Amino acid sequence: MIGLLALTALAAPTWQDIVQPNFQDCTFVAQVVKANEKELRKISRDFAQSFKFTYMKAEVKEPFMVRLESRVEGTELLYMENGERKLYRIPKLRIGKVEDDSHSPGKQQTVLDFGVLTPSLFESRFDAVFVRNDRETGDYVFDITYKHPKYDDTTRQRVWVDPQKRYVTKRVWFAQDGHEMASFDYIDPKNESGVWFPSEAIVKDVDGQVAGITKYSKMSINTGISDSVFKF
């Protein structure tokens with residue numbers, strides 16, 4: 001019996017079993033197809049603001065590079081991340097700001113927000129603990145937290161990952177005080193260059209009400225985006 005339990009423990013999945021090892025970069029267009037401001041505000045005011053854009057061109061690259069260009073009520077905005085630094089720019093209003101999030105990783109976006117996990121996330125920023133296999137779907141369920149003591153952010157994400165396609169099918173976001181903020185369903189994944197990437201994200205508030213739906217289109221994966229695209 002002891003030997004059987006030991007073998008079971010050794011067989012538990014690790015973060016290496018839930019990442020997309022071939023992912024290098026991706027370009028896509030995000031479009032909000034539903035935004036219920038009342039339900040979005042239940043999540044947070046800042047989160048509700050993120051659904052104001054009519055379109056968004058996204059470029060992401062390993063490790064920790066993000067470039068988002070969008071339009072909100074006729075005004076163009078640029079948001080960029082490179083490592084632990086980020087840039088906001090609104091040319092029309094002559095606004096430009098650079099921030100260092102070295103001690104506030106929860107303020108940054110990563111590929112996890114789009115339903116994808118990559119090795120760099122766990123090599124330098126997150127820890128992952130296997131929770132269980134989902135009885136209904138067979139998905140791996142993991143709790144993801146920021147590395148301690150490197151970060152003191154206690155935000156937690158619980159993710160469900162398809163063990164064959166290795167994309168996040170569901171994510172539940174818990175705030176630093178432990179209360180649930182929102183859940184996300186990632187559906188209709190597309191495969192390109194050996195990488196599975198969801199093409200739709202559905203966010204729900206804590207009452208289970210759909211607060212917003214975003215669709216991703218014009219997706220191109222591993223095209224070799226230059227690092228210069230993310231320099232500021």
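This structure is a prediction, so every number in the text was calculated from the model and none was measured. All heavy atoms count here, side chains included; hydrogens, waters and symmetry mates do not. One-based numbering along the sequence shown.
Using a 3.5 Å distance cut-off with no hydrogens or angles, the side chains of Lys86 and Tyr88 do pair a donor with an acceptor. Of the N and O atoms on the side chains of Thr169 and Asp162, not one donor lies less than 3.5 Å from an acceptor on the other residue. Side chains of Ser102 and Asp100: a donor-acceptor N/O pair is present below 3.5 angstrom, by distance only.
The one candidate from Asp139, Asn133, Asp134 that meets the side chain to side chain donor-acceptor pair (under 3.5 Å) condition with Trp160 is Asp134. With Leu121 as the partner, the side-chain contact (heavy atoms from CB on, under 4.5 Å) test is satisfied by one option alone out of Val116, Ile144, Val111: Val111.
More than 12 heavy atoms of other shown residues, nucleotides or ligands fall within 6.0 angstrom of atom CD in Gln16. Crowding of Lys231 atom NZ: a count of heavy atoms from other residues, nucleotides or ligands under 6.0 Å not exceeding 12. Atom NZ of Lys150 sits in a crowded spot, with more than 12 heavy atoms from other residues, nucleotides or ligands closer than 6.0 Å. The 12-atom threshold is exceeded at CZ of Arg156, counting heavy atoms of other residues, nucleotides or ligands nearer than 6.0 Å.
Both Tyr186 and Phe126 sit in one connected hydrophobic cluster of ILVMFWY residues. Membership requires side-chain heavy atoms under 4.5 Å apart, directly or through other members. Residue Val161 is grouped with residue Val19 when hydrophobic side chains (ILVMFWY) are merged at heavy-atom distances under 4.5 angstrom, including chains of intermediate members. A chain of hydrophobic side-chain contacts below 4.5 Å, direct or via other Ile, Leu, Val, Met, Phe, Trp or Tyr residues, connects Leu117 to Val66. Grouping the Ile, Leu, Val, Met, Phe, Trp and Tyr side chains by contacts below 4.5 angstrom, directly or via other members, places Tyr167 apart from Ile187. The hydrophobic cluster containing Leu87 does not contain Met56, counting ILVMFWY residues as joined when their side-chain heavy atoms lie under 4.5 angstrom apart, directly or transitively.
When atom types are taken as modelled, the side chain of Glu81 and the backbone of Gln109 share a donor-acceptor pair closer than 3.5 angstrom. Checking side-chain atoms of Gln108 against main-chain N and O of Gly83 turns up a donor-acceptor pair under 3.5 Å. Checked by atom type and distance alone, the side chain of Asp25 pairs as donor or acceptor with a backbone atom of Thr223 at under 3.5 Å. Counting only distance, with no hydrogens or angles, the side chain of Asp177 and the backbone of His179 share a donor-acceptor pair below 3.5 Å. Side chain of Lys215 to main chain of Val33: no donor-acceptor pair is present (N/O by atom type, distance under 3.5 Å, no hydrogens or angles). Using a distance-only test at 3.5 Å, with no hydrogens or angles considered, a donor-acceptor pair links the side chain of Gln20 to the main chain of Trp196. When atom types are taken as modelled, the side chain of Asn22 and the backbone of Val195 share no donor-acceptor pair closer than 3.5 angstrom. In this structure, the side chain of Thr110 engages the main chain of Leu112 through a donor-acceptor pair within 3.5 Å.
Put simply, CD on Glu123 and OG1 on Thr118 are 8.0 Å apart, with the number rounded to the nearest 0.5 Å. Between the CG atom in Leu93 and the CD atom in Glu76 there is a gap of 11.5 Å [rounded to 0.5 Å]. For the atom pair OH (Tyr140) and OG1 (Thr14), the distance works out to 9.5 Å, reported to the nearest 0.5 Å. From Glu84, atom CD reaches atom CG of Asp101 across 8.0 Å, with rounding to the nearest 0.5 Å. Rounded to the nearest 0.5 angstrom, Glu59 CD and Glu69 CD are separated by 6.5 Å. Note that OG1 of Thr145 is 10.0 Å distant from CD of Gln157, once rounded to the nearest 0.5 Å.
Comment: Lys170 does not engage Asp185 in a salt bridge, judged by the lack of any side-chain N to carboxylate O separation of less than 4.0 angstrom. Look at Glu37 and Lys52 and you find a salt bridge, because one of the NZ, NE, NH1 or NH2 atoms lies within 4.0 Å of a carboxylate O, short of that distance. Salt bridge Lys190/Glu192: absent, no basic N to carboxylate O contact under 4.0 Å.
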Q: Determine, step by step, whether Ile202 and Phe184 satisfy the side-chain contact (heavy atoms from CB on, under 4.5 Å) criterion, reporting the C-alpha distance in whole Å, the side-chain angles of both residues, the deciding distance to 0.1 Å, and the verdict.
A: CA-CA 5 Å; Ile202 303 169; Phe184 304 78; over 6 Å; no
Q: Give the C-alpha distance, both sets of side-chain angles, the deciding distance and a yes or no for side-chain contact (heavy atoms from CB on, under 4.5 Å) between Phe47 and Lys42.
A: CA-CA 9 Å; Phe47 190 80; Lys42 288 182 181 179; over 6 Å; no
Q.
For a side-chain contact (heavy atoms from CB on, under 4.5 Å) check, start with the C-alpha distance between Ile43 and Trp173, then their side-chain angles and the critical distance, and finish with the verdict.
A. CA-CA 10 Å; Ile43 300 171; Trp173 168 29; 3.7 Å; yes
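Stacking of Arg67 on the aromatic ring of Phe230 is not recorded, the 6.0 Å distance cut-off and the 45° axial limit not both being met.
Two residues are said to be in side-chain contact when any heavy atoms from C-beta on lie closer than 4.5 Å; Arg166 and Pro21 meet this criterion. Between Asp152 and His103 the shortest side-chain heavy-atom distance does not fall below 4.5 Å. Here the side chains of Arg125 and Phe64 are in contact, with some heavy-atom distance below 4.5 Å. Taking the side chain as every heavy atom from C-beta outward, Glu200 and Ile213 approach each other to under 4.5 Å. The closest side-chain heavy-atom distance from Thr214 to Phe51 is below 4.5 Å.
In terms of heavy-atom proximity, Met80 sits nearest to Val229 at CE-O, 3.3 Å. The two atoms that bring Ala128 and Phe122 nearest to each other are CB-CE2, 3.6 Å, heavy atoms only. Minimum interatomic distance between Met181 and Ser44 (heavy atoms only, all atoms of both residues): CE-CB, 4.3 Å. Heavy-atom minimum distance, Pro198 versus Met219: O-CE, 3.7 Å. For the residue pair Ala12 and Phe130, the shortest heavy atom distance occurs at CB-CD2, 4.1 Å. Considering every non-hydrogen atom in both Ile221 and Cys26, the closest pair reads CG1-SG, 3.7 Å.
Here ring-ring contact (aromatic ring centres under 6.0 Å, His included) pairs that include residues 23-45, with residues two or more places apart or in two chains, are Phe28-Phe114, Phe28-Phe197, Phe28-Tyr216.
The side chain to side chain donor-acceptor pair (under 3.5 Å) check on Asp205 picks up nothing, with sequence neighbours excluded. Listed by chain and number, the residues in a side chain to side chain donor-acceptor pair (under 3.5 Å) with Asp153 are Thr155 (sequence neighbours excluded).
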